[in-house]
Amino acid sequence: MKKLFQNKEALIHILKFLLLFLVFYYGTKTIIGLSFKDGLYSSFVNDYLDYISLIKRTLMFGTKIIAGCFGYSTVYEPNFLIRVINKRGVIISQGCVGYGVMSFWVAFIIAGKNIVSKKITWCISGLILIWVINVIRIGLFLVSINKGWKMPFGIDHHTWFNIFAYFGIFIMIYFYEKSLSKNES
């Protein structure tokens with residue numbers, strides 16, 4: 001631990017990462033809070049900054065595709081509910097978006113040392129991977145509740161998402177760090 005604090009560059013990276021993560025994570029929570037009409041509602045935030053609803057709509061679209069692969073037709077209903085026609089559905093809630101893992105990924109990349117164009121590429125690639133994992137998770141959950149499938153090992157679908165999303169992130173971190181060392185040599 002003492003050696004970590006002697007390495008000023010590593011300490012600065014960790015502090016930048018933590019600060020950025022907190023800004024992205026709690027900034028998103030703030031936007032969510034200001035977009036709800038029951039709380040400290042801001043029409044400006046709701047109309048112009050509510051990117052969470054956009055992500056939820058794209059998740060619903062992807063879920064529709066996954067359900068279609070299993071032969072299910074779906075319908076969108078109010079409050080971000082996607083339902084198999086005449087059967088069960090799932091609500092894409094704020095907690096389904098994955099903004100925690102997205103905040104982690106983007107903070108890690110931005111805090112790192114790389115040129116801006118590569119940071120943008122890595123951020124977008126990671127966000128797409130997280131989105132794809134999330135779509136697969138929600139799509140399979142919708143199919144599973146309509147087919148009566150049980151969750152593997154009794155683990156809920158949110159935990160499965162976190163497992164696969166962080167596994168994907170750690171693989172991407174490996175390749176990101178490898179690309180950095182390749183650029184330095």
Side-chain angles (χ1 to χ4, degrees), residues 14 17-36 38-39 50-72 74-84 87-112 122-178:
I14 291 169
F17 164 75
L18 288 173
L19 178 64
L20 287 166
F21 174 78
L22 292 171
V23 167
F24 295 144
Y25 183 80
Y26 287 104
T28 299
K29 288 182 88 61
T30 300
I31 288 172
I32 290 169
L34 293 172
S35 298
F36 274 126
D38 295 340
D50 181 20
Y51 59 90
I52 299 299
S53 294
L54 174 64
I55 295 171
K56 288 165 69 171
R57 282 191 286 279
T58 66
L59 290 171
M60 290 175 72
F61 177 77
T63 298
K64 180 182 186 83
I65 293 170
I66 298 290
C69 291
F70 286 87
Y72 286 120
T74 57
V75 62
Y76 301 143
E77 295 184 9
N79 299 319
F80 299 100
L81 172 66
I82 182 168
R83 177 184 308 281
V84 170
K87 293 193 177 198
R88 298 180 75 187
V90 295
I91 294 173
I92 312 296
S93 70
Q94 309 300 352
C96 293
V97 172
Y99 61 86
V101 289
M102 290 178 179
S103 297
F104 179 95
W105 174 250
V106 173
F108 177 81
I109 295 300
I110 292 175
W122 279 99
C123 281
I124 291 171
S125 300
L127 291 173
I128 289 170
L129 175 67
I130 293 166
W131 182 87
V132 168
I133 291 168
N134 208 358
V135 164
I136 293 169
R137 183 260 307 203
I138 297 167
L140 289 177
F141 181 64
L142 178 62
V143 169
S144 73
I145 63 172
N146 282 287
K147 288 192 176 274
W149 296 344
K150 302 284 184 214
M151 289 285 117
F153 308 109
I155 299 173
D156 70 273
H157 63 98
H158 282 281
T159 303
W160 279 115
F161 168 70
N162 284 328
I163 290 168
F164 281 101
Y166 279 109
F167 182 72
I169 284 174
F170 291 134
I171 288 172
M172 289 194 68
I173 287 172
Y174 170 79
F175 286 111
Y176 177 77
E177 292 294 327
K178 196 172 178 176

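Numbering of residues begins at 1 and proceeds along the displayed sequence. What you see is a predicted model; the values in this text were computed from it and never measured. Because only heavy atoms are used, hydrogens play no part in the values below, and waters and symmetry mates are left out as well, while side chains stay in.
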Classify the ring geometry of Trp122 against Trp105: parallel below 30°, tilted from 30° to 60°, perpendicular beyond 60°. tilted

Heavy-atom closest contact (Ile82 atom, Met60 atom, distance): CD1-O, 3.4 Å

Measure the shortest side-chain to side-chain distance between Leu20 and Val106 over non-hydrogen atoms and say whether it is less than 4.5 angstrom. no

Ile92 and its side chain to side chain contact (heavy atoms under 4.5 Å, CB included) partner, picked from Leu81, Asn134, Leu59: Leu59

Check the angle between the aromatic planes of Phe153 and Trp160 and answer parallel, tilted or perpendicular using the 30° and 60° thresholds. tilted

Any side-chain heavy atom of Lys150 sitting closer than 4.5 Å to one from Ser144? no

When you measure from the side chain of Arg83 to the backbone N and O of Lys87, does any donor-acceptor pair fall under 3.5 Å? yes

Can you name the closest pair of heavy atoms from Asn146 and Arg88 and give their distance? OD1-N, 2.9 Å

Classify the angle between the aromatic ring planes of Phe141 and His157 as parallel (below 30°), tilted (30 to 60°) or perpendicular (above 60°). parallel

Could you grab the distance from atom CD1 of Ile55 to atom OG1 of Thr28, nearest 0.5 Å is fine? 7.5 Å

By the definition side chain to side chain contact (heavy atoms under 4.5 Å, CB included), identify the one residue from Thr58, Leu140, Ile138 that meets it with Thr63. Ile138

Hey, does the side chain of Trp131 reach the backbone of Gly98 with a donor-acceptor pair shorter than 3.5 angstrom? no

Is any side-chain heavy atom of Thr74 closer than 4.5 Å to one of Leu142? yes

Determine whether more than 12 heavy atoms belonging to other residues, nucleotides or ligands lie under 6.0 Å from atom OH of Tyr26. no

Within a radius of less than 6.0 Å around CZ of Phe80, do more than 12 heavy atoms belonging to other residues, nucleotides or ligands occur? yes

Kindly indicate whether the side chain of Arg137, heavy atoms from C-beta on, has any atom under 4.5 Å from the side chain of Phe164. no

